[in-house]
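Below is one structure, written out as structure tokens; the observations come after it.
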Protein chains: 2
Amino acid sequence: MARLPVYLRALTTLSDQGTGTCSSEELAAAAGVNSAKLRKDLSYLGSYGTRGVGYDVDYLRYQIAREIGVTQDWPVVIVGIGNLGQALANYSGFRSRGFRVVALLDADPARHEQVVAGIDVRPFDHLERIVHEHAVAIGVIATPALAAQDVADRMVACGITSILNFAPIVLTVPAQVDIRKVDLSIELQILAYHEQRKTQGASRAEVPGEVPATATEATA
Amino acid sequence: MARLPVYLRALTTLSDQGTGTCSSEELAAAAGVNSAKLRKDLSYLGSYGTRGVGYDVDYLRYQIAREIGVTQDWPVVIVGIGNLGQALANYSGFRSRGFRVVALLDADPARHEQVVAGIDVRPFDHLERIVHEHAVAIGVIATPALAAQDVADRMVACGITSILNFAPIVLTVPAQVDIRKVDLSIELQILAYHEQRKTQGASRAEVPGEVPATATEATA
DNA sequence: AGGAGTTTGTGAACGCGAGAACAAACCGGC
DNA sequence: GCCGGTTTGTTCTCGCGTTCACAAACTCCT
């Protein structure tokens, strides 16, 4: 389930606050979901709660972490060390959840010899060697859209079986490869959509159906 | 619908390739969805296609853009100019889709007078003035988790009605405020979960939990 | 020890989105 | 002008996820 990581973080927060046990209501509130949904999700993993009491925070946290797989160490390579790639390399949330960035790769020679987050940026050609050397299974793509498919193909060829894609393009990969996409601008567009709906009827009266001459101007 | 931005980008790609019209099958393939779903989504906006022919790429693109609201200009403020905030400020995908970063704010005085993406980093206290000055409706939070709720409260108080949150915490805001969350580490955890399932039973030594008898046997 | 109060785990109904299938409509050829 | 091929728009059905509601089970107090 995609909600387990959310529960995991909520549990970590509770644990840091010194909470020893919690009810499904509390945890659901901290995770932002319905309590019945939370209980059903947890019961899918096993009966880790105690009726009349609740859940032991640290125990449940370990069980979820084990289920997700973050009790083990996941080596990760990041390809494309632009602004976003650098931000990802510096993101502390990775390391604290069992993900270890073992290499930063970039096709641009100007970026080699650069050091980001204490790691040397290396040529993209080193991908295969690094993947085999560190048994990397997860790759992150933070390149421009044009290069993303090539990078994905090379990753698959090297044996990587999970890809996190930040490039704004739909990648095609073999069925056995898991792929997830994060698109920053799509999230903003969804907000803009709701925002427009909110203010609509107040002062905006747009004429539908006509394509203005400037319609293609705003795209790049 | 959350898929409209995906269609919009696929249409832009097709248009850049010089495609004048396209069928729902082609567009669905480019967007990575089912063609029936695509047609149903588009019919929700109106009858913008021609039976036996398909959709006019530029016309449909404008209609979707108008529906989402990206034909107008959306001023945006970014709060928290760490690595992620800088990456967001530099992200070209925002400007090309009608989002204009009008201000970068940070509580840390050491970051003021810094210039990121050609924009001065200013104190967080300037939020209210900037929001009123530029009629900002959308705010982006890229601060650490501890500061995020405070930032959100201040944003709401200033009149911001849509928030994109990158901090790893569940924010509570009034009902009329839209909020979307992007969590980079959660995506990786989901990949790790599937990755673990893939390799389970092959060569992984079972990690023993603290419940020996009830450990789930993965051999079935 | 027993009962009252709480909380988990789960069975059942509800709602919603996804996908298949089909009728209406359009284009091009004859 | 009509007919076959093509593609949209829409209806219907199916399956899944969510939510309500309740029994089982545990703790605490008397």
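Source: prediction; values computed, not measured. Each chain gets a letter, A, B and so on, in the order the sequences are listed, and its residues count up from 1. Heavy-atom basis, side chains included; hydrogens, waters and symmetry copies ignored.
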- [ ] In whole angstrom, give the distance that lies between atom CG of B/D41 and atom C1' of C/dG17.
- [x] 10 Å
Task: Separation of atom CE in B/M1 from atom P in C/dG17, rounded to whole Å - done: 6 Å
Can you give me the N/O atom pairs linking the protein to nucleotides 21-27 of chain C at distances under 3.5 Å, or say none if there are none?
from	atom 1	to	atom 2	distance (Å)
C/dA24	N3	B/R51	NH1	2.8
C/dC26	O4'	B/R51	O	3.2

- [ ] Round to a whole Å and report the spacing from CG of A/L45 to P of C/dT8.
- [x] 15 Å
Task: Separation of C/dG9 P from A/L38 CG (nearest whole Å) - done: 10 Å
Open item on the list: For a 4.0 angstrom threshold against heavy atoms of chain B, report the outermost contacting nucleotides of DNA chain D in 5' to 3' order.
Closed with: D/dT6 to D/dC12
Task: Pair A/E195-B/T161, side-chain donor/acceptor within less than 3.5 Å - done: yes
- [ ] Compare every heavy atom of B/G139 with every heavy atom of B/I160, then report the nearest pair and how far apart it is.
- [x] CG2-N, 3.9 Å
Task: For A/L171 against A/I141, the heavy-atom pair lying closest together - done: CD1-CD1, 3.9 Å
Open item on the list: Quick check against the 3.5 Å criterion: does B/Q86 have a side-chain atom that pairs as donor or acceptor with the backbone of A/N83?
Closed with: no
- [ ] Work out which heavy atom in A/W74 is nearest to a heavy atom in A/G69; give both atom names and the distance.
- [x] NE1-O, 2.8 Å
Task: From A/I78 atom CD1 to A/F94 atom CZ, the distance as rounded to the nearest 0.5 Å - done: 6.0 Å
Task: Taking every non-hydrogen atom, the tightest pair across B/A148 and B/A167 - done: CB-CB, 3.6 Å
Task: Identified ring pair (Phe, Tyr, Trp, His ring centres under 6.0 Å) partner of B/Y48 from the options B/Y55, B/Y59, B/Y7 - done: B/Y59
Open item on the list: I need the minimum non-hydrogen distance between A/L188 and B/I138, along with the two atoms involved.
Closed with: CD2-CG2, 3.7 Å
Open item on the list: With no hydrogens and no angle check, just 3.5 Å: does a side-chain donor-acceptor pair link A/D178 and A/S162?
Closed with: no
Open item on the list: Whole angstroms only, please: what is the NZ-C1' distance between A/K37 and C/dT10?
Closed with: 17 Å
TODO: Identify which nucleotide among C/dG19, C/dG9, C/dT7 has an atom closest to any side-chain atom of B/N34, counting heavy atoms from C-beta outward.
DONE: C/dG19
Name the pairs: protein N/O against N/O of nucleotides 12-16 of chain C, kept only if under 3.5 Å.
from	atom 1	to	atom 2	distance (Å)
C/dA12	N6	A/K40	NZ	3.0

- [ ] Report yes or no: does A/S15 contribute a side-chain atom to a donor-acceptor pair with the main-chain N or O of A/T12 at less than 3.5 Å?
- [x] no
